[in-house]
Amino acid sequence: MDYLVDFRNKDGTGNVVAEGLVDHAKKLAGGHVRNWGSVGGNLVMAQKFAFESDLATILLGAGALVKVVTLTEGSEPSVAEMPLDDFLAKGTLNEDGLLQSVYIPLISDSKTDSKIVFKSYRGAPRPYGNAVSYGNAAFLANVSRNEKDETVIESVRLAFGAFGTNHAIRAFKVEELLKGKALSLSLIKESVALLKKEVVPLEGTSKKDYRVSLLVGFIFDFLNSLLSKEPTVTPTNLFPHTGKQNITIADDNYPLSQPTAKFLSQQQASGEATYCDDIPSPPRCLYAAFVLSTEPHARIKGIDATAALESVGAVDFVSLNDIPKGGGNKGIFNAFDHSEETLFAEDIVGYVGQPLGVMVADTYDHARLAAGRVCVDYDTHSVGAPVMNCHDALAQGSTLPTYPPSPLSVKHPIGNVEKALAEAEFNLEGTVSTKSQNHFYMETQTSLAIPDEDECITIYTACQGVDPVQQSVAKCLNLPLNNVRIITRRLGGGFGGKATRNIQISTAVALAAYKLRRPVRISLDRNTDMQMVGGRNPTETSYRVSFTKSGKITALKADILLESGWYADVTNFLPLLMSGTLKKYNWGTFDVKYTICKTNNVPKTSVRGPGHCEASAIADAVMNHVASYLGISGNKVRDENLHTPESFQLFQGEGSGDVGFTLPAIWERAKALSKLEEREKQIETFNEQSKWLKRGISIVPSVYGVSSYPMTATVSIFKDGSIVVEVGGVEMGQGLYTKVRQAVAFSLRSLWNKGKDVDMVSKIRVLQQDSFSLPNTFADGGSTTSESSCAAASQACEVLVQRLQPVKEKLAKDKGGEVTWADLCMTVRSWFYTPGVHSRTLRCNFFVTIILCYV
């Protein structure tokens, strides 16, 4: 890229090809990725793995050539130069082949009347950053003007890629159609029609119609720009708005009020922080890989691991038969409703990716290889066809109960909906669907199980709560809880994916380690992780809504289908979570019914804001439908249907207004700060001037039902004044430990002197979660773990302050001056003071105490 920039600027006149390549390349990945990657590597990925490369497309459009060196034993290397399209079409390079160089012919305008035009395009989920294109294109044309002052295309290269093809291609038929012809609207129309026949996505490509429409739009914009001086799209700044935040630093509530670097952030950024899979393997450690079902619904006739056990490095196949006497086939203990899932499929498999056992070997690679050689005999005829979606589940009555199993959790009538619908000025019906969403945490599911003496086992795992893992392992192995130790230091991302689904992984390796009496560890590859962890629940909603001509809604009646997969996981809680978010608007009257559909898909689980995201999308889809029907702004419809304090209390129930209903005030403030009305006028002007591209602006409210879970904490003070804290929450990137340190320092503020005494925050260390030292915890979730952990730690500190404050006052009186934190801690180590009683010497090993609090 630096070379192209230098070439573009070397003579001050610029080069259209170099400029186009540089501008497009800046939109690919990020600076660090571009610095580490190479052009050759990108092109080989595009050729070998059908990578949807932008770089291959724009170089193909620019007419790039490549040199391939073939190394033959006993003879001189041969060098072949070929066009890039030939290289991409050749398939994988031979083992003795090497991509040596890429030549880009940076042609410029000649001295004749012709002109070189180069443009590139990409359509992606995000215009900048790590987002693979839905479609890309690059066009290079040599154009001139004839005696009629028409634009003549002397020659043209049209390259398209990422639309669902094995590699970037040229549209030769369209090139031939345009070559040597004067450009006209009819020719453009003919070119577009021919292009639709030439660029056909492969079968199975997602969003096929959308991708083709992108390419059509690209070529239309390019040809129209040659035909007319009026731009197809009115230029607009991609990032037209800036923002800033002013923070006033004050001593109030010090150190809570101070900006603080994230605890251990430097270790994380430098790679020194230890995650579960970074723990060195103990001696004689083995590695596990899951054997997963390949059928969505079938009866297991038999499992044969003979060939697998003959594989290199294979040690054992651990299955249902290896669960110890008295233990159970327990894979997941759900801390929310105490339900359980099986560890391994017993008689019938319910989804592709259901665990059947684990293969244990001396390396990860050998374990995966052996797992692939386990033969499973299925009977797919005796169990019936699999249920793959909500509609099939509903037709077959394949449903699950909600939790708690009460009518209120299924239906939420407010007012007489049927009457409001019958008397309405306008009525609409519609459907809304939300798709699933995979977790993409940086650290996949991982666990290390180490058997210990006396029937004990220690498990290091990446989970959002150690207590459910401990209970599942104990139930599976028939061990008391005090024989099962679970340790979690930090997570490399969770987002709900390690709240329940991790338990199965940890229990499986625990069973293998327990049977073989050797350490066993597992770290799922990305494909297996996504196959076993189901992601967000898909939903299908049908609704009826009534409203007035001003956009005021008078009734909403909805039927919501929630797909759970084979097991419920947390799906049966979603109606409780979704209802509060659906009621963020005043619907007048309201009735919603939830149906949980059991399908032969991998169980769905929590994904960042489970239920809330889906419900918010459904509510705003209804608002947009009403706005579209009336031909008015969606913002105006939302304005019209915001809650009043009275309606909010009616919809959200008792206690919802106790702390003040702030949504209207926040709404008006957001409109004012964003200059919404001014920007709406600017958008109207833009849309009047822009023929093809239109802009819009939306403001959307959001409500979130906050609920905290019981949380534990311990605070231990050492004689040198340093402090160790343990909390029931897990650090997974949210800055939990940083907040806890500040909260503890603040709660102990009456015992130390700011500035003159000690930097208290630096003396506080938050430890990893350990089920032995901090039992009976809960799982991280609900976006309140930090707050609950801080509250629990603060309550522990309050007890310590009650004990230490009289000591400090006594010391101050004896010394006749201020008491430092160090003096206080050292004195308390040797002395115990009782208010109103003469001091007496006590052995005080117990005074540096642990306080256990629940919030």
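Small disclaimer: the values here were computed from a predicted structure and weren't measured. In this chain, residues are counted from 1 in sequence order.
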Open item on the list: How about CD on Gln267, more than 12 heavy atoms from neighbouring residues, nucleotides or ligands closer than 6.0 Å, or not?
Closed with: yes

Open item on the list: Is it the case that the side chain of Thr444 and the backbone of Leu524 share a donor-acceptor pair, with hydrogens and angles ignored and the cut-off at 3.5 Å?
Closed with: yes

Open item on the list: Side chains of Gln471 and Asp467: any donor to acceptor distance under 3.5 Å?
Closed with: yes

TODO: Determine whether Glu443 and Lys498 make a side-chain contact, defined as any pair of heavy atoms from C-beta on separated by less than 4.5 Å.
DONE: yes

TODO: Walk me through it: do Tyr567 and Thr342 pass the test side chain to side chain donor-acceptor pair (under 3.5 Å)?
DONE: CA-CA 10 Å; Tyr567 291 107; Thr342 59; 2.9 Å; yes

Open item on the list: Is a donor from one side chain sitting under 3.5 angstrom from an acceptor on the other, for Arg368 and Thr363?
Closed with: no

Open item on the list: For a quick check under 3.5 Å, do Ser506 and Thr461 share a side-chain donor-acceptor pair by atom type?
Closed with: yes

TODO: Assess whether atom OH of Tyr460 is packed by more than 12 heavy atoms of other residues, nucleotides or ligands within 6.0 Å.
DONE: no

TODO: Scan side-chain atoms only and decide if Gln734 and Thr785 contain a donor-acceptor pair under the 3.5 Å cut-off.
DONE: no

Task: Pair Thr488, Gln768: side-chain N/O donor-acceptor within cut-off below 3.5 Å - done: no

Task: Presence of salt bridge, Glu726 and Arg765, under 4.0 angstrom - done: no

TODO: Please say which of Glu731, Met442, Met732 ends up in a side chain to side chain contact (heavy atoms under 4.5 Å, CB included) with Leu491.
DONE: Met732

Open item on the list: For a 4.5 angstrom cut-off between non-hydrogen side-chain atoms, does Lys435 reach Pro538?
Closed with: no

Open item on the list: Would you say Ser281 and Arg521 are linked by a side-chain donor-acceptor pair, where the criterion is simply a distance under 3.5 Å?
Closed with: yes

TODO: Show your reasoning for whether side chain to side chain donor-acceptor pair (under 3.5 Å) applies to Ser579 and Tyr594.
DONE: CA-CA 10 Å; Ser579 289; Tyr594 299 96; 2.9 Å; yes

- [ ] Indicate whether the side chain of Ser270 and that of Glu272 have a donor and an acceptor atom separated by less than 3.5 Å.
- [x] yes

- [ ] Please determine, by modelled atom types, if Tyr737 and Gln742 share a side-chain donor-acceptor pair under 3.5 angstrom.
- [x] no

Task: Test item: Ser722 side-chain N/O and Phe718 main-chain N/O as donor-acceptor pair under 3.5 Å - done: no

Open item on the list: Given 3.5 Å as the limit, does a donor-acceptor pair link the side chain of Glu614 with the main chain of Met578, or not?
Closed with: no

Open item on the list: Checking Thr738 against Thr260: is there a side-chain donor and acceptor pair closer than 3.5 Å?
Closed with: no

Task: Exercise: do Ser747 and Ser794 side chains pair donor with acceptor under 3.5 Å - done: yes

Open item on the list: We want to know whether Thr507 and Lys330 form a side-chain donor-acceptor pair, criterion being a heavy-atom distance below 3.5 angstrom.
Closed with: no

Task: Test item: Gln531 side-chain N/O and Asn527 main-chain N/O as donor-acceptor pair under 3.5 Å - done: no

Task: Salt-bridge criterion met for Asp720 and Lys763 (N-O under 4.0 Å) - done: no

Task: Cationic N near anionic O, under 4.0 Å, Glu340 to Lys475 - done: yes

TODO: Please assess Met532 against Leu292 for the test side chain to side chain contact (heavy atoms under 4.5 Å, CB included), listing each intermediate value before the final yes or no.
DONE: CA-CA 9 Å; Met532 294 184 66; Leu292 304 176; 4.0 Å; yes

Task: Side chain Ser616, main chain His612, donor-acceptor under 3.5 Å - done: no

- [ ] Could you tell me whether the side chain of Trp752 and the main chain of Ala745 form a donor-acceptor pair under 3.5 Å?
- [x] yes

Task: Polar contact flag, side-chain donor to acceptor under 3.5 angstrom, Tyr287-Ser523 - done: no

Task: Flag for Thr605-Asp569: side-chain donor and acceptor within less than 3.5 Å - done: yes

TODO: Establish, yes or no, whether a centroid distance under 6.0 Å links the rings of His439 and Phe495.
DONE: no

TODO: Check the side chains of Tyr441 and Asp529 for a donor-acceptor pair under 3.5 angstrom, ignoring hydrogens and angles.
DONE: yes

Open item on the list: Per the salt bridge (charged side-chain N to carboxylate O under 4.0 Å, His left out) rule, what does the pair list look like for residues 476-487, sequence neighbours excluded?
Closed with: Arg485-Asp770

Task: Thr571 side chain reached by Leu400 side chain, heavy atoms, under 4.5 Å - done: no

Open item on the list: Using the rule given for side chain to side chain contact (heavy atoms under 4.5 Å, CB included), can you reason through Gln445 versus Asn502, listing the C-alpha separation, both sets of side-chain angles and the distance that settles it, and then say yes or no?
Closed with: CA-CA 6 Å; Gln445 305 281 1; Asn502 166 272; 3.2 Å; yes

